[in-house]
Amino acid sequence: MTQNETPKPIRVRMAPSPTGFFHVGTARTALFNYLFAMHSGGKLVLRIEDTDLQRSNVEYEKVIYEGMAWLGLTVDEGPHQGGDFGPYRQSERFDIYQKHAENLIASGHAYRAYETPGELEAMKAAQAAAKQAPRYNGAHRDLSDEQRTAFEAENRNNVVRFRVPEGRASWQDIVRGNVTFQNVEIDDFVIMKSDGSPTYNFACVVDDALMQISHVVRGEDGVNNTPRQLLLYSALGFPIPLFAHLPFLLGRDRSKLSKRHGAVNVLDYRDKGILPDAMFNYLAQLGWNPGEGDTQEIFTRNELIEKFTLERVGKAAAIFDVEKLAHLNTEYLKAMPLDEFIELVKPQLPPFAVDDYAKTAIEAARERIRTNVIWEEVTNEKGKVEKIPTDFDTDFARAAAYFFTDDFFVEEQGAAKHLTEVARERLSQLRARLEALSEWTVEAIEGALRGLADDLGIKPAELIHPSRMAVSGRTVGPSIFHLLEILGRERVLGRLQRQF
Ligand code: GLU
């Protein structure tokens, strides 16, 4: 059987196991499948791989739907959507696997093996003693009918093992190029367990084939399974899909992605104020890039769909960096439609009516918004102190509350530095000049402030910093003249004479 060179129509799948939260790596795989399907006008199938009935859980399945919905990853077929190739939960397909396993036994590609757990343990121990790698020794490969009947009579449980042929298994991976495994490296692996449930490799191949999956796009940890799966495709007489194994996702220190590098649960990011568009954009660039010399970082969903190809997925491990995610989040916050942004930050601010004043104020404050990563020091198992990212802070309450209340937060150090006795005296002179202005515009305000600085023989900055402190309690913010204009004469005059 050869690899299908021009697979049509394009059908891809994401096949998560509902055994834990929605991991960043799972989300990246789902996203790449989604982008590829959307780019090529193909279909995306969601298949829930819940064959491990002990570890699978409907709550975790819900978390998958929640994570996909948050990221905006819609699927064409799946447990909820239905489709022509269902059911889409493996736990509902056991009879299908059973049937194909029987076929493999009938055609001699698989066999029942009756070893007890004790016998398998002894096999492993003997191999360990002989310094050999553990593998099934093929003892029940060629049982006679009498032997089988005898084992059955003993009421022994049996598993179905695949009879690995001689030769090699190789494929042209879209990401990794040619990959070859020698079959001698593979032992006769189990395809059906004694409880009648299929193993991952078997269920995966049966389903990918029956669901007519054209491209298997999954994480690099799948590479070791692929030779087993290729052997199964051939034995079952199914056409072989194309494979693309996405590079590993690592933390900033190039170790396996874990809590030390930030949350690994996608929904935690939602709960910490990361926007789904920022996450979508960030995940898309973990292992994929738009092309040589293209430094664009921010893409709309449509741009990503348009540009995404599997050929541009790299082999090198991708680094998950929360600082970059925070940076992208900042850019998205700045670029959001203002009305949406106001709805987003409203709960952080004192109550206000969404009028022109509020809109202008929030728009001005937004220019300075930043998503910061909050780092916490922890002592690791080796007794070393390390910093781990625990949260994000977009700090909008502090950046903008002063537009809506006089009772705003004041940066103490800044106040001590800028609101000195001398500065206060100058502010009262500034106040008098501002009070006398016939119009309240940026130009008029700037003229008054610079004029006073000239008259006093000081730099404008010596009036600007104290003014900013007095009217906003902050050392940073929108341009001072713009800020004073937005706040309006009444607030400004009130605050300039206020004692902190
Ligand atoms: N259920 C497998 C996993 O979650 C799927 C691997 C694959 O895509 O084939 O790792």
Side-chain angles (χ1 to χ4, degrees), residues 10-37 42-65 67-68 73 75 77-79 85 87-94 96-97 169 171 173-176 179 181 189-191 193 197-233 236 238 240-249 256-257 264-266 283 287 310 313:
I10 287 180
R11 291 176 53 82
V12 289
R13 83 317 193 258
M14 64 161 302
S17 307
T19 52
F21 49 69
F22 193 55
H23 193 277
V24 169
T26 314
R28 196 264 314 244
T29 303
L31 176 64
F32 279 33
N33 274 289
Y34 170 85
L35 289 174
F36 177 60
K43 295 268 187 272
L44 174 58
V45 175
L46 172 63
R47 182 173 73 229
I48 300 292
E49 300 213 323
D50 55 351
T51 55
D52 186 340
L53 299 174
Q54 244 101 59
R55 290 176 58 224
S56 299
N57 177 319
V58 280
E59 285 308 311
Y60 292 138
E61 190 180 320
K62 274 199 207 137
V63 164
I64 294 168
Y65 300 129
M68 301 269 293
L73 302 178
V75 302
E77 296 168 28
F85 303 87
Y88 292 92
R89 264 187 211 98
Q90 289 190 325
S91 58
E92 295 165 21
R93 300 173 62 85
F94 279 16
I96 300 176
Y97 310 128
W171 76 98
D173 196 282
I174 298 172
V175 175
R176 317 183 61 78
V179 187
F181 281 78
F189 55 92
V190 173
I191 58 172
K193 299 183 205 168
S197 65
T199 56
Y200 155 69
N201 278 313
F202 187 57
C204 181
V205 167
V206 169
D207 289 347
D208 282 343
L210 297 183
M211 295 179 180
Q212 296 182 13
I213 299 304
S214 62
H215 294 68
V216 172
V217 180
R218 62 180 166 212
E220 188 168 335
D221 45 0
V223 168
N224 286 326
N225 288 315
T226 308
R228 288 177 183 77
Q229 298 189 0
L230 290 175
L231 298 175
L232 287 169
Y233 278 104
L236 289 160
F238 290 143
I240 297 174
L242 292 171
F243 290 90
H245 287 94
L246 308 176
F248 279 120
L249 272 192
K256 187 167 175 274
L257 199 57
V264 277
N265 179 0
V266 173
L283 289 175
L310 288 171
V313 174

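By convention here, the first residue in the shown sequence is residue 1. All ligand and atom numbering here is 1-based and tracks the order in the structure.
Judged as a side chain to side chain contact (heavy atoms under 4.5 Å, CB included), and not counting sequence neighbours, the contacts of N225 are Y200, N201, Q229. Residues meeting the side-chain hydrogen bond (donor to acceptor under 3.5 Å, both in side chains) test with T19, sequence neighbours left out: none. When the ring-ring contact (aromatic ring centres under 6.0 Å, His included) test is applied to F36, the partners found at least two apart in sequence or on another chain are H215.
Between F181 and W171, the ring planes are parallel. Angles under 30° get that label, and only those over 60° would be called perpendicular.
You'll find the side chain of R47 reaches within 4.5 Å of the side chain of E49, heavy atoms only.
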What are the atom names and distances for all N or O pairs under 3.5 Å between ligand 1 and the protein?
residue  : atom  : partner : partner atom : Å
ligand 1 : 1 (N) : A15     : O            : 2.8
ligand 1 : 1 (N) : S17     : OG           : 2.9
ligand 1 : 1 (N) : E49     : OE1          : 2.6
ligand 1 : 4 (O) : S17     : OG           : 3.4
ligand 1 : 8 (O) : R13     : NH1          : 2.7
ligand 1 : 8 (O) : R13     : NH2          : 3.4
ligand 1 : 9 (O) : R13     : NH2          : 2.9
ligand 1 : 9 (O) : Y200    : OH           : 2.5
ligand 1 : 9 (O) : R218    : NH1          : 2.8

Working note: R55 + D52, criterion salt bridge (charged side-chain N to carboxylate O under 4.0 Å, His left out); need CA distance, chi angles, decisive distance, verdict.
CA-CA 6 Å; R55 290 176 58 224; D52 186 340; 3.7 Å; yes
